[in-house]
Amino acid sequence: MSSPATEVEVVDRYVPHARQREAHSVQLGPVILYAGGYGSGKTLWLCKEGERESRFQPQFPIVAVAPTYKMVAQVLMATLARWLPGTGGRWPKGTARASTCLGPLVRDWSATEHVLSWHTGKRWLLRSAEDPGSIEGIPDACCLLIDEPRLISEEAYRVALGRVRAGARQRICLAGVPAAAWIQAEFGGTVPGRTRVQASSLDNPHLRPSPAEYVARMNMSARRAQAFVHGDFAGFEGLVYETYEPRGGWVVDVCAEPARSSWGGLDFGFRRPAFVLLQRVEGMATDGSPGYALVEEVVGQDLLEAEHARRVAELCQRLGVTLLDVYADPAGNARNQQTGLRSMQVYAAVLRAHGVLSGGVKPGPHASNPVERHIPNGVELVRSLLCSDHGIRRLFVSRLLAERVYQSADQRQPLVGVHRALLGYQYPDAATRDEPVKDGIHDHQMDALRYLAIGLFGIAGSKVREGHPGDASADLANEALAAMGASDASSLLFAGGT
């Protein structure tokens, strides 16, 4: 039995709401998932669970896992720095003392080892899930904290779970939006020893300007809102874009016009490249705000990239259109196996030579941003543009594209445009994955559209960024901290235990 540490009395600013209190009250034993929508206080709940476990068994570490080290810093560390009682809200850097920056509950911080030492002697090992093998080498732990598990692989989850094998008191907690098929399989009710507490964005009274206004300004489809607002499982079966209906108003009589703002979406497609042209049309959205129409495309079969790029450039010349930017698969920064050149450079050079590109050919999802790389996030963004949770439509398809038919040299692999791709893009028959089927027919146009949507609109919100993809991990930190109340602060007595 360990001797108790010196007691430290501080003021705790954490005021949990009802769903957080329910999750805190779950007894030791089961693996706990705090399944919450945006702004439901998931990361803060997770940190508070870890702080409580830091009072016990100081000889055994706690493992805290986030999808990447960037999210470790911008979400977990940021949440701790702003919540820890008596802190100045900043993480120690250089020669700054950890206790000065993070308050009396913290003894030390090792930036090289990513180890946070608490006043009790307890150590938190902060780790990234990008390399599951790096988790295997850590010491046996008594507690595991996983933030945003939807952005990590099931393998990383299993590896981390296997490290909790020390001490008489063990606690395993996950907190995040439950938008991943493996999370639904794990916590859907059939696996013993699993507990799920569901929290909605509307459950958090501390959200500003108010919970209802916070939810209302998010542009989400009904399926996305089910997970990202209400913290519930969202189904992954059938058609991906089930709301897209040619007779329902999504197909419109609009043609490309030179004066409109124009962007491109590009999937390199390995000899089946796809390009879509998007234009902003004032007043087109069903709420009277600017809408966006897919007005042209260039589909390819057995085409080298340089030839496809030439066809795209000549199309833009005929239309009199200048592209502000083209958003593409981030893998295009690697050298192409066909030519030895970087795919993005090939397209940029051809488009600039034809005078139809004023910006650049850029990655849609940031290669270093797991939120943008996560395919279901991009799919849900496109779905929300087609029809938001509030019934607002912002994305449309030109009737010219809907009526166009392509001839394929291979009847086993039909050649379809964006209209028929939207109608045929599906999830697997067995709903074991949350990513659509890559059938080589519908996925290239859909990937091009997804890259374009992420590059232009971003994942976290609906505001057009016009060529400046943002980083949604900071938004995750902000929504996690939103559960902190400034009033009714309670006294926290922090001491070591057995």
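Numbers for residues simply follow the sequence, beginning at 1.
- Leu452 CG to Tyr327 OH: the interatomic distance, rounded to the nearest 0.5 Å, is 8.0 Å.
- A side-chain hydrogen bond (donor to acceptor under 3.5 Å, both in side chains) with His24 holds for exactly one of Glu49, Lys48, Arg52, Arg19; it is Glu49.
- Across all their heavy atoms, Cys101 and Pro92 have their closest contact at SG-CA, 3.7 Å.
- Here the side chain of Gln226 pairs a donor or acceptor atom with the backbone of Phe233 at under 3.5 angstrom.
- The aromatic rings of Trp91 and Trp109 sit perpendicular, their planes meeting at an angle over 60°, well past the 30° parallel limit.
- Contact check for Pro436 versus Val379: side-chain heavy atoms found under the 4.5 Å cut-off.
- A donor-acceptor pair under 3.5 Å is absent between the side-chain atoms of Arg272 and the main chain of Gly300, judged by distance alone.
- In this structure, Asp140 contributes its side chain and Ala166 its backbone to no donor-acceptor pair below 3.5 Å.
- Here the side chains of Glu53 and Arg169 are in contact, with some heavy-atom distance below 4.5 Å.
- Looking only at side-chain heavy atoms (C-beta outward), Arg208 and Tyr214 stay at 4.5 Å or farther from each other.
- Minimum heavy-atom separation, Pro67 to Leu151: CG-CB, 3.5 Å.
- For Glu435 (side chain) and Ile375 (main-chain N/O), no donor-acceptor pair under 3.5 Å exists by modelled atom type.
- Note that the CD1 atom of Ile32 and the CD1 atom of Ile172 stand 9.0 Å from one another [nearest 0.5 Å].
- The aromatic rings of Trp124 and Trp118 sit tilted, their planes meeting at an angle between 30° and 60°.
- Residues Ser117 and Val106 come closest through the heavy atom pair O-CG1, 3.5 Å.
- The CG atom of Leu456 sits 5.0 Å away from the CH2 atom of Trp263 when rounded to the nearest 0.5 Å.
- Salt-bridge formation is detected for the pair Arg383/Glu242: a Lys NZ or Arg NE/NH1/NH2 atom is positioned less than 4.0 Å from an Asp or Glu carboxylate oxygen.
- For Ala227 against Pro178, the heavy-atom pair with the smallest separation is O-CD, 4.0 Å.
- In this structure, Leu125 and Glu113 have side chains that are not in contact, with every pair of non-hydrogen atoms separated by 4.5 Å or more.
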Review point. When you look at Arg194 and Leu33, which way does the side chain to side chain contact (heavy atoms under 4.5 Å, CB included) test go after all the steps?
Key: CA-CA 8 Å; Arg194 304 293 185 266; Leu33 170 66; over 6 Å; no
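- Between the Ser201 side chain and the Tyr38 main chain, a donor and an acceptor come within less than 3.5 Å of each other.
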Point to revise | Derivation and outcome, side chain to side chain contact (heavy atoms under 4.5 Å, CB included), residues Leu202 and Val215 | key: CA-CA 8 Å; Leu202 298 170; Val215 170; 3.7 Å; yes
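- Of the possible polar contacts, one joining the Lys122 side chain to the Phe60 backbone as a donor-acceptor pair under 3.5 Å is found.
- Remark: Met71 CE to Asp147 CG distance equals 6.0 Å, nearest 0.5 Å.
- Checked by atom type, the side-chain pair Tyr14/Glu51 shows no donor-acceptor distance below 3.5 Å.
- Side chain of Thr79 to backbone of Val75: a donor-acceptor contact under 3.5 angstrom is found.
- Annotation: side chain of Leu76 is in contact with side chain of Thr43 (closest heavy-atom distance under 4.5 Å).
- Looking at Thr68 and Glu130, their side chains never bring a donor and an acceptor atom within 3.5 Å of each other.
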Review point. Do Tyr241 and Leu395 pass the side chain to side chain contact (heavy atoms under 4.5 Å, CB included) test, and can you show the C-alpha distance, the side-chain angles, and the key distance before you say yes or no?
Key: CA-CA 12 Å; Tyr241 299 120; Leu395 181 62; over 6 Å; no
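- Annotation: the span from Tyr425 atom OH to Arg450 atom CZ amounts to 6.0 Å, rounded to 0.5 Å.
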Practice item. Check the pair His308 / Tyr347 against ring-ring contact (aromatic ring centres under 6.0 Å, His included), numbers first and verdict last. Key: CA-CA 9 Å; His308 185 248; Tyr347 279 86; 5.8 Å; yes
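- Atom OG of Ser128 is separated from atom NE2 of His114 by 9.0 Å, given to the nearest 0.5 angstrom.
- Asp447 places no side-chain N or O within donor-acceptor distance of the main-chain N or O of His444, the cut-off being under 3.5 Å.
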Check your understanding: side-chain hydrogen bond (donor to acceptor under 3.5 Å, both in side chains) between Ser40 and Asn204: does it pass, once the steps are laid out?
Key -> CA-CA 6 Å; Ser40 59; Asn204 184 1; over 6 Å; no
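- In this structure the side chain of Met77 reaches within 4.5 angstrom of the side chain of Val72, judged on heavy atoms.
- At distances below 3.5 Å, at least one donor-acceptor pair connects side-chain atoms of Lys42 with backbone N or O atoms of Gly37.
- Remark: Arg196 is not positioned above the aromatic ring of Phe187, lacking an NZ or CZ atom under 6.0 angstrom from the ring centre and at most 45 degrees off the axis.
- Within the 4.5 Å cutoff, side-chain heavy atoms of Leu449 are placed close to those of Leu422.
- No side-chain heavy atom of Val326 sits under 4.5 Å from any side-chain heavy atom of Tyr451.
- In summary, Glu148 and Arg150 engage in a salt bridge, as defined by a charged side-chain N under 4.0 Å from a carboxylate O.
- When all heavy atoms of Ile152 and Ala129 are compared, the pair lying nearest together is CG2-CB, 3.5 Å.
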Check your understanding: Could you walk me through whether Arg163 and Glu136 pass the salt bridge (charged side-chain N to carboxylate O under 4.0 Å, His left out) check?
Key -> CA-CA 7 Å; Arg163 304 314 302 170; Glu136 290 184 335; over 6 Å; no
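- Within a 6.0 Å radius of CZ in Arg158, other residues, nucleotides and ligands contribute more than 12 heavy atoms.
- Considering every non-hydrogen atom in both Leu174 and Tyr157, the closest pair reads CD2-CE1, 3.8 Å.
- Remark: side-chain polar atoms of Gln184 are not paired, donor with acceptor, to backbone N or O of Ala179 under 3.5 angstrom.
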Check your understanding: Step by step, would you call Val197 with Val26 a side chain to side chain contact (heavy atoms under 4.5 Å, CB included)?
Key -> CA-CA 9 Å; Val197 175; Val26 176; 4.3 Å; yes
